[in-house]
Amino acid sequence: MNDFVKLAVHGVQALQPYQPGKPIDELEREYGLTGIVKLASNENPLGPGHRVTEAIQNNLKELTRYPDGNGFDLKQALVNKYSNITIDNITLGNGSNDVLEMIARAFVSERDSVIYSEHAFAVYPIVTQAIGATAVVTPAKDWGHDLDAMLAVVTDNTKLVFIANPNNPTGTWLNTQTLQHFLESLPEHVIVVLDEAYFEFASHPDYGVKDYPDGLALLKQFDNLIVTRTFSKAYGLAGLRVGYAIASPQITNILNRVRQPFNVNSLALKAAEVALLDEAYLNASVQLNYEQMKVIEEGLQALNLSFIPSIGNFVCFKVADANVCYENLLKAGIIVRPVGNYRMQDYLRVSIGTSEENQRFLSALKKAI
Ligand SMILES: Cc1ncc(COP(=O)(O)O)c(C=O)c1O
């Protein structure tokens, strides 16, 4: 029989598939449980907004048609929302993961190297290795990206640097000054992907953090910068898969050369367009996250568990035995995320849920540790 692993391209042979959070249905099947609380994939606990669900209902009749492959209406809505961008700056993706992959495919070859940090988001190694490029992983500093260490490993072969701000799963972030200095110090042949999947939580005027950089503002100065964002988190559309990159027109043109035609489906395009207008929903998501993050932090402190301060909609906390704690939580019907694959063996990551979900998590955790 053929050993198909040997037939796979070199980088893929060593890859492990992305490990998603455990689906609710799976836990129901395995443990015969109901009423499960899933806090494992940094999803929005509010569910989709009613304006989105209405728009989806109204657009079902379009399902026999291909979507607008250029996503004009959604791009126009993004242009209306953000000043200083035009349609020529936008690449739409089937989730921002799709855009991350497009960037790697468009710019990186086997001869190139890609820099990212220890504990950085798992999709960076996947898209890098899939191409067979060399991954240069820099040690984390206080769990976050060490930009000086990243600068120190740049060579003529460096093509791409991935920076998650904040990073998932650590929740750590970089301030404007640090990021600005990094971008100024980098040679121009290096493309920087600034992954802002949690931007809306981190940047909110009432609930965000001070000195948190807005990647779009930096684009004016740095044409080697690509900013990626998503509708999966604060906009609550993870199941529909819509994300986007904002970059110079030239980079955008290149990304569109490798983009699959119709990569974002028609319901997703419509839902994202409507979600962008629903400021009440966005504010409610961000406010809930802000308030409930405090509840979770206080709950962890009360249990004498240390955690990594986070500005996303999730937080990593340390336990004596992460496997045991994870299993105990599963038995109590609570799904969190093990992060051993991020070299964080003693930690678990919990996404911020509704007040009720968080209370259930905290009382289960008390017995699970
Ligand atoms: C840092 C980061 N980037 C990108 C993504 C991808 O999100 P999506 O593909 O749903 O847009 C995630 C999802 O968890 C993330 O945590």
Side-chain angles (χ1 to χ4, degrees), residues 17-23 38-45 48 71 74 78 90-105 114 116-128 140 143-145 160-174 179 192-203 212-213 215 226-246 255 259-260 263-265 268-269 271-272 275-276 285 289 308 310-316 335-339 341-342 344 347 349-352:
Y18 179 80
Q19 290 173 9
K22 195 178 189 65
K38 183 182 175 213
L39 300 172
S41 302
N42 304 344
E43 294 150 339
N44 193 317
L74 175 55
L78 286 164
I90 307 170
T91 309
L92 298 178
N94 192 253
S96 55
N97 282 340
D98 186 27
V99 186
L100 296 173
E101 193 192 13
M102 275 184 237
I103 297 168
R105 265 194 301 133
V114 175
Y116 50 85
S117 174
E118 183 187 21
H119 316 306
F121 181 48
V123 166
Y124 312 153
I126 291 177
V127 300
T128 303
W143 297 106
H145 296 7
L160 214 59
V161 181
F162 282 112
I163 292 181
N165 199 32
N167 182 46
N168 168 26
T170 54
T172 48
W173 70 97
L174 300 158
L179 188 61
V192 178
V193 179
L194 182 61
D195 179 344
E196 295 185 334
Y198 303 92
F199 175 82
E200 293 78 10
F201 296 114
S203 67
Y212 176 74
I226 306 177
V227 177
T228 60
R229 292 187 186 170
T230 182
F231 286 91
S232 298
K233 310 297 175 184
Y235 287 101
L237 300 181
L240 281 175
R241 317 298 304 124
V242 198
Y244 56 97
I246 310 283
L255 294 182
R259 188 176 60 80
Q260 292 281 327
N263 61 330
V264 186
N265 72 70
L269 285 171
L276 213 49
S285 303
N289 187 61
I308 306 172
S310 162
I311 60 165
N313 63 344
F314 54 88
V315 59
C316 281
I335 313 175
V336 296
R337 187 70 155 266
V339 283
N341 57 328
Y342 284 95
M344 299 173 70
Y347 283 78
R349 189 194 71 193
V350 64
S351 305
I352 309 302

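First listed ligand is number 1; within each ligand, the first listed atom is number 1. The first residue in the sequence is number 1, and the count goes up from there.
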- If you measure only the distance, is there a donor-acceptor pair under 3.5 Å linking the side chains of S351 and N313? no

- Check for a donor-acceptor pair, side chain of N263 on one end and backbone N or O of L92 on the other, with a separation under 3.5 Å. yes

I'd like a table of the close N/O pairs between ligand 1 and the protein (anything under 3.5 Å), one pair per line with both atom names and the distance.
residue: ligand 1; atom: 3 (N); partner: D195; partner atom: OD1; Å: 3.1
residue: ligand 1; atom: 3 (N); partner: D195; partner atom: OD2; Å: 2.6
residue: ligand 1; atom: 7 (O); partner: S96; partner atom: OG; Å: 3.4
residue: ligand 1; atom: 9 (O); partner: S96; partner atom: N; Å: 3.2
residue: ligand 1; atom: 9 (O); partner: N97; partner atom: N; Å: 3.0
residue: ligand 1; atom: 9 (O); partner: N97; partner atom: ND2; Å: 3.3
residue: ligand 1; atom: 9 (O); partner: R241; partner atom: NH2; Å: 2.7
residue: ligand 1; atom: 10 (O); partner: S232; partner atom: OG; Å: 2.6
residue: ligand 1; atom: 10 (O); partner: R241; partner atom: NH1; Å: 2.7
residue: ligand 1; atom: 10 (O); partner: R241; partner atom: NH2; Å: 3.3
residue: ligand 1; atom: 11 (O); partner: S96; partner atom: N; Å: 2.6
residue: ligand 1; atom: 11 (O); partner: S96; partner atom: OG; Å: 2.8
residue: ligand 1; atom: 11 (O); partner: T230; partner atom: OG1; Å: 2.5
residue: ligand 1; atom: 11 (O); partner: S232; partner atom: OG; Å: 3.4
residue: ligand 1; atom: 14 (O); partner: Y198; partner atom: OH; Å: 3.4
residue: ligand 1; atom: 14 (O); partner: K233; partner atom: NZ; Å: 2.9
residue: ligand 1; atom: 16 (O); partner: N168; partner atom: ND2; Å: 2.7
residue: ligand 1; atom: 16 (O); partner: Y198; partner atom: OH; Å: 2.6

- Message: My understanding is that only residues two or more places apart in sequence, or in another chain, count here; which of them pass ring pair (Phe, Tyr, Trp, His ring centres under 6.0 Å) with F201?
- Response: none

- Task: Keeping the roles fixed (side chain from N165, backbone from L174), state whether a donor-acceptor pair exists under 3.5 Å.
- Result: yes

- Mind checking salt bridge (Lys or Arg N to Asp or Glu O under 4.0 Å) for E118 and listing every partner two or more places apart, or none if nothing turns up? R343

- Only counting residues at least two apart or in another chain, list the ones meeting salt bridge (Lys or Arg N to Asp or Glu O under 4.0 Å) with K38. E43

